[in-house]
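Just so you know, these numbers come straight off a predicted model, no measurement behind them.
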Amino acid sequence: MQRAIIWCAVSTQAQADDEKDSLPKQEADARALCEREGWQIVDVLQVPGHSRRYVDIHEAARDMLAAGIDAFDKLLKHWDKQDFDILIIRDGSRFARTQALHAYVVERTIGIGARLYSLADGWINDTNYRMFIAMGGYSAAGEIDNLTKRREMGFDARARRGLPVNSKVIRSHKLIRDEQSGRALRIEFDETTRPEWDHLATLILEGVSWRQMEKQMYARYGHGPGTGERYQYN
């Protein structure tokens, strides 16, 4: 009987629950394949929302393990024990987002005499694994490269419009949105914060040291983060 390991992975937590690519869907599809073919499932390895953009698999395993994800750590041990015959994946991007890591996983699996089965591509064995590495690695890495470029272009466009590039707005300002669409329009000075900035300016002009600034802002004017305490240092 052929022994199989099921590998399920997503890049973000949101994708973990997505109907099309969710971890349960990936596992269910792989289990159905094993049942149909009569393969014994040795292990199910899952990466629920962690980056796989690594070059060094040991670094990836260490970082994931620190986050409570043991998929790569277990895979390393399975390679050492050579206790499986088939590594089942949804597609080539599931275990790597760099060509280096993609190639390592494929070559190491083939190197112990096992095969990979991609639900999207079919069998990967010693006759075609180099082509899979070339095509799959390019696709996996290229997809994330393009995503990063689009993200950076979006950040640049927002910055050019004078908008924050993330969910946080500088403390002195507020974000103005279109009342109907909710679209961000601009940022404006928040007049409700003016007393705090005026008081800060007063202390600076008085020569109060930065080490005493949070203490004096609270002691003299009552300014703090809204918790009834003064701001933390720095």
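Of all heavy-atom pairs spanning Lys174 and Phe189, the tightest one is CE-O, 4.3 Å. Between Arg90 and Asp29, the shortest heavy-atom contact is NH1-OD2, 4.2 Å.
Arg220 pairs by the side-chain hydrogen bond (donor to acceptor under 3.5 Å, both in side chains) definition with Glu206, not counting sequence neighbours. Checked against side-chain hydrogen bond (donor to acceptor under 3.5 Å, both in side chains), His199 has the following partners two or more places apart in sequence or in another chain: His223.
More than 12 heavy atoms of other residues, nucleotides or ligands lie within 6.0 Å of CD in Glu191, so this atom counts as buried by the packing criterion.
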> Can you list the steps and then say if Arg115 with Tyr129 is a side chain to side chain contact (heavy atoms under 4.5 Å, CB included)?
Replying inline: CA-CA 9 Å; Arg115 297 179 291 171; Tyr129 76 96; over 6 Å; no
>> Show, in sequence, the C-alpha distance, side-chain angles and deciding distance for Arg108 and Asp80, and conclude whether the salt bridge (charged side-chain N to carboxylate O under 4.0 Å, His left out) test is met.
In response: CA-CA 10 Å; Arg108 186 71 190 276; Asp80 289 339; 3.0 Å; yes
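Under the 3.5 Å distance criterion, the side-chain polar atoms of Glu229 are left unmatched by any main-chain donor or acceptor of Gly224. Judged purely by atom type and a 3.5 angstrom limit, Asn128 uses its side chain to pair as donor or acceptor with the backbone of Asn125.
Linking Ile, Leu, Val, Met, Phe, Trp and Tyr whenever their side-chain heavy atoms come within less than 4.5 Å puts Trp210 and Leu203 in one cluster. At a threshold of 4.5 Å between side-chain heavy atoms, the hydrophobic network of Ile, Leu, Val, Met, Phe, Trp and Tyr places Ile112 and Leu45 in one connected group.
To the nearest 0.5 Å, atom CE of residue Met1 and atom CG of residue Asp85 are 11.0 Å apart. Atoms NE2 and CD, on His102 and Glu107 in that order, are 11.0 Å from each other to the nearest 0.5 Å. Atom CG of Asp91 is separated from atom OG of Ser118 by 6.0 Å, given to the nearest 0.5 angstrom. Note: Cys8 SG to Lys25 NZ = 11.0 Å, rounded to the nearest 0.5 Å. Residue Thr98 holds its OG1 atom at 10.5 Å from OH of Tyr54, rounded to the nearest 0.5 Å. Of the inter-residue distances, the one linking Tyr221 atom OH with Gln216 atom CD reads 8.5 Å to the nearest 0.5 angstrom.
Within the 4.5 Å cutoff, no side-chain heavy atoms of Met217 are placed close to those of Arg230. With a 4.5 Å cut-off on side-chain heavy atoms, Trp7 and Val47 count as touching. At a threshold of 4.5 Å between non-hydrogen side-chain atoms, the residues Ile69 and Pro48 count as touching. For the pair Met213/Tyr231, no side-chain contact is recorded, criterion being any heavy-atom separation below 4.5 Å from C-beta on.
Checked by atom type, the side-chain pair Asp190/Thr193 shows no donor-acceptor distance below 3.5 Å. Between the side chains of Gln46 and Glu27, at least one donor-acceptor pair of N or O atoms lies under 3.5 Å.
Cluster partners of Ile41 are Ile6, Leu33, Trp39, Val44, Ile86, Ile88, Tyr117, Leu119, Trp123, counting Ile, Leu, Val, Met, Phe, Trp and Tyr whose side-chain heavy atoms approach within less than 4.5 Å, directly or via other members.
The only option from Leu116, Val105, Leu87 that meets the side-chain contact (heavy atoms from CB on, under 4.5 Å) definition with Ile110 turns out to be Leu116.
Classification of the His78-Phe84 ring pair by plane angle, with boundaries at 30° and 60°, yields perpendicular.
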